[in-house]
Amino acid sequence: PVTLEAMRRIAYHRHQKSQFADAEQLYNLVLQGYENIGSCSPEALAVSVSLAEISRDQFKVYQAEKEGEKAVSFGNRQLGRDHPEVRVAKLSLAETKEKLGKLSEAGVLYDEVLESESKFAGPESLERLNVMYYQGKLLNFQGKFDEAELILETALQGEEKLLGENDPTVLNTMYVL
């Protein structure tokens, strides 16, 4: 597991540098390593999500959707729908669904994550506010401006309280609002 984690970190850095082929190869090796030791761990789910994100970053959105759905399904089965890594997988899949124009499916995923974040991270958590931001952005895009404004204002108030008025996250939410 230590070697797999080191390889995962190298893959992450390659992904960040847009060295997609190298990152994908390393992530696949790491995932294979987890499968070989029979691990159904959060780390294995994180690698699956990373593979889906590499596909999305290369504009292979249909492949990313398939990989993301597989990751969410795996996470729900092995870790439970409210596990933090499953919430991350759902957020990633929701972003992919948005890119594909599947806005209602993305909305359902955001709703699930928001419910889970509220229950486990708490109403004032940055994670919950982040989901509200994405949800508000989606509603805005759908032309549901009143709903979007309400959600984004709530997110903005929470972000300002936690991060301060000049934080880039706060400024970004203000821009979308």
Side-chain angles (χ1 to χ4, degrees), residues 4-5 8-9 11-12 15-16 20 23-24 27-28 30-31 34-35 39-144 147-148 150-152 154-156 158-159 162-163 169 172-173 176-177:
L4 294 175
E5 178 58 21
R8 186 174 75 86
R9 288 178 186 208
Y12 172 81
H15 183 184
Q16 295 306 304
F20 299 123
E24 187 174 6
Y27 278 135
N28 277 316
V30 172
L31 194 56
Y34 281 122
E35 289 170 358
S39 177
C40 299
S41 66
E43 293 81 7
L45 176 57
V47 171
S48 295
V49 170
S50 295
L51 282 167
E53 289 175 349
I54 285 175
S55 294
R56 187 178 66 217
D57 291 347
Q58 295 178 86
F59 306 103
K60 299 175 185 175
V61 286
Y62 291 105
Q63 181 178 332
E65 179 186 32
K66 187 188 302 184
E67 291 169 348
E69 287 173 343
K70 183 178 170 184
V72 168
S73 177
F74 168 82
N76 283 336
R77 270 192 332 275
Q78 300 298 327
L79 304 171
R81 67 181 294 257
D82 291 322
H83 190 280
E85 285 296 334
V86 175
R87 296 193 302 257
V88 169
K90 287 179 181 180
L91 277 177
S92 180
L93 180 57
E95 288 180 51
T96 300
K97 298 273 188 189
E98 272 190 73
K99 288 187 183 299
L100 287 168
K102 298 180 178 183
L103 305 182
S104 61
E105 291 179 43
V108 168
L109 287 164
Y110 287 136
D111 289 343
E112 287 178 17
V113 175
L114 186 61
E115 178 186 326
S116 184
E117 289 291 354
S118 297
K119 191 178 353 176
F120 291 98
E124 299 279 322
S125 75
L126 194 53
E127 292 86 357
R128 180 178 175 273
L129 297 172
N130 186 44
V131 176
M132 290 177 74
Y133 165 79
Y134 283 112
Q135 194 176 41
K137 211 170 92 174
L138 175 66
L139 290 167
N140 212 6
F141 187 71
Q142 291 175 308
K144 299 176 182 178
E147 291 176 64
L150 182 65
I151 288 174
L152 288 167
T154 304
L156 180 62
E159 290 169 355
L162 289 174
L163 303 170
T169 301
N172 196 34
T173 302
V176 172
L177 187 58

Task: Point-to-point distance, once rounded to the nearest 0.5 Å, from CD of Glu117 to CG of Asn130 - done: 8.5 Å

Task: Least distance between heavy atoms, Ala89 atom then Val49 atom - done: CB-CG2, 3.4 Å

Open item on the list: For Gln142, give me all partners under side-chain contact (heavy atoms from CB on, under 4.5 Å), at least two apart in sequence or on another chain.
Closed with: Leu103, Leu138, Leu139, Lys144

Task: Leu114 side, atom CG; Arg87 side, atom CZ - distance, nearest 0.5 Å - done: 11.0 Å

- [ ] Kindly say whether Leu150 contributes a backbone atom to a donor-acceptor pair with the side chain of Thr154 at under 3.5 angstrom?
- [x] yes

Task: Straight-line distance of Thr169 OG1 to Tyr133 OH, nearest 0.5 Å - done: 9.0 Å

Open item on the list: As a quick check of understanding, evaluate side-chain contact (heavy atoms from CB on, under 4.5 Å) for Leu109 and Glu98, giving each step before the final call.
Closed with: CA-CA 11 Å; Leu109 287 164; Glu98 272 190 73; over 6 Å; no

TODO: Return the minimal non-hydrogen interatomic distance between Gln135 and Ile151, and the atom names on each side.
DONE: OE1-CD1, 3.8 Å

Task: Flag if over 12 foreign heavy atoms under 6.0 Å of CZ, Phe20 - done: yes

Task: Glu65 and Val61: CA distance, side-chain angles, deciding distance, side-chain contact (heavy atoms from CB on, under 4.5 Å) verdict - done: CA-CA 6 Å; Glu65 179 186 32; Val61 286; over 6 Å; no

Open item on the list: Under 3.5 Å, is there a donor on one side chain and an acceptor on the other for Thr173 and Glu159?
Closed with: yes

- [ ] State the OH-CD distance between Tyr12 and Glu5, to the nearest 0.5 angstrom.
- [x] 12.0 Å

Open item on the list: Testing the basics here: between Ala52 and Ala64, what is the closest heavy-atom pair and its distance to 0.1 Å?
Closed with: O-CB, 3.3 Å

Open item on the list: Let's go through Glu69 and Lys97 carefully: what are the C-alpha distance in whole Å and the side-chain angles of both, what is the deciding distance for side-chain contact (heavy atoms from CB on, under 4.5 Å) to 0.1 Å, and is it a yes or a no?
Closed with: CA-CA 10 Å; Glu69 287 173 343; Lys97 298 273 188 189; 2.6 Å; yes

Task: Residue pair Ser48 / Ala71: nearest heavy atoms and the distance that separates them - done: CB-CB, 3.8 Å

Task: Donor-acceptor pair, side chain of Ser50 and main chain of Ala46, under 3.5 angstrom - done: yes

Open item on the list: According to salt bridge (charged side-chain N to carboxylate O under 4.0 Å, His left out), does anything in residues 127-141 pair up with another residue at least two apart or in another chain? List the pairs.
Closed with: none

Task: Rounded distance [0.5 Å steps], OG in Ser41 versus CG in Leu79 - done: 7.5 Å

TODO: Flag the pair Glu24 / Gln58 as yes when at least one side-chain heavy-atom distance between them is below 4.5 Å, and no otherwise.
DONE: yes

TODO: Evaluate whether atom CZ of Phe141 has more than 12 neighbouring non-hydrogen atoms of other residues, nucleotides or ligands under 6.0 angstrom away.
DONE: no

- [ ] Please list, chain by chain and in numerical order, all residues satisfying side-chain contact (heavy atoms from CB on, under 4.5 Å) with Glu95, sequence neighbours excluded.
- [x] Arg56, Tyr110, Tyr134

Task: N/O donor-acceptor pair under 3.5 Å between Ser116 side chain and Glu112 backbone - done: no

Open item on the list: Nearest 0.5 Å, please: how far is CE in Met132 from OG in Ser125?
Closed with: 10.0 Å

Open item on the list: Looking at Glu67 and Lys70, is there a salt bridge between them, counting it only when a charged N and a carboxylate O are closer than 4.0 Å?
Closed with: no

Task: Heavy-atom closest contact (Leu129 atom, Gly158 atom, distance) - done: CD1-C, 3.4 Å

Task: Over 12 non-hydrogen atoms of neighbours within 6.0 angstrom of CZ in Arg77 - done: yes

Task: Sub-4.5 Å side-chain heavy-atom contact between Asp82 and Lys119 - done: yes

Open item on the list: One pair to check against side-chain contact (heavy atoms from CB on, under 4.5 Å): Glu115 and Arg81. What are the steps and the verdict?
Closed with: CA-CA 11 Å; Glu115 178 186 326; Arg81 67 181 294 257; 4.1 Å; yes

Open item on the list: Within the 4.5 Å heavy-atom criterion, are Leu45 and Val88 side-chain neighbours or not?
Closed with: no

Open item on the list: Closer than 3.5 angstrom, by distance alone: can the side chain of Asn140 be matched with the main-chain N or O of Gly136 as a donor-acceptor pair?
Closed with: no

Open item on the list: Any heavy-atom pair between the side chains of Leu152 and Leu156 that's under 4.5 Å?
Closed with: no

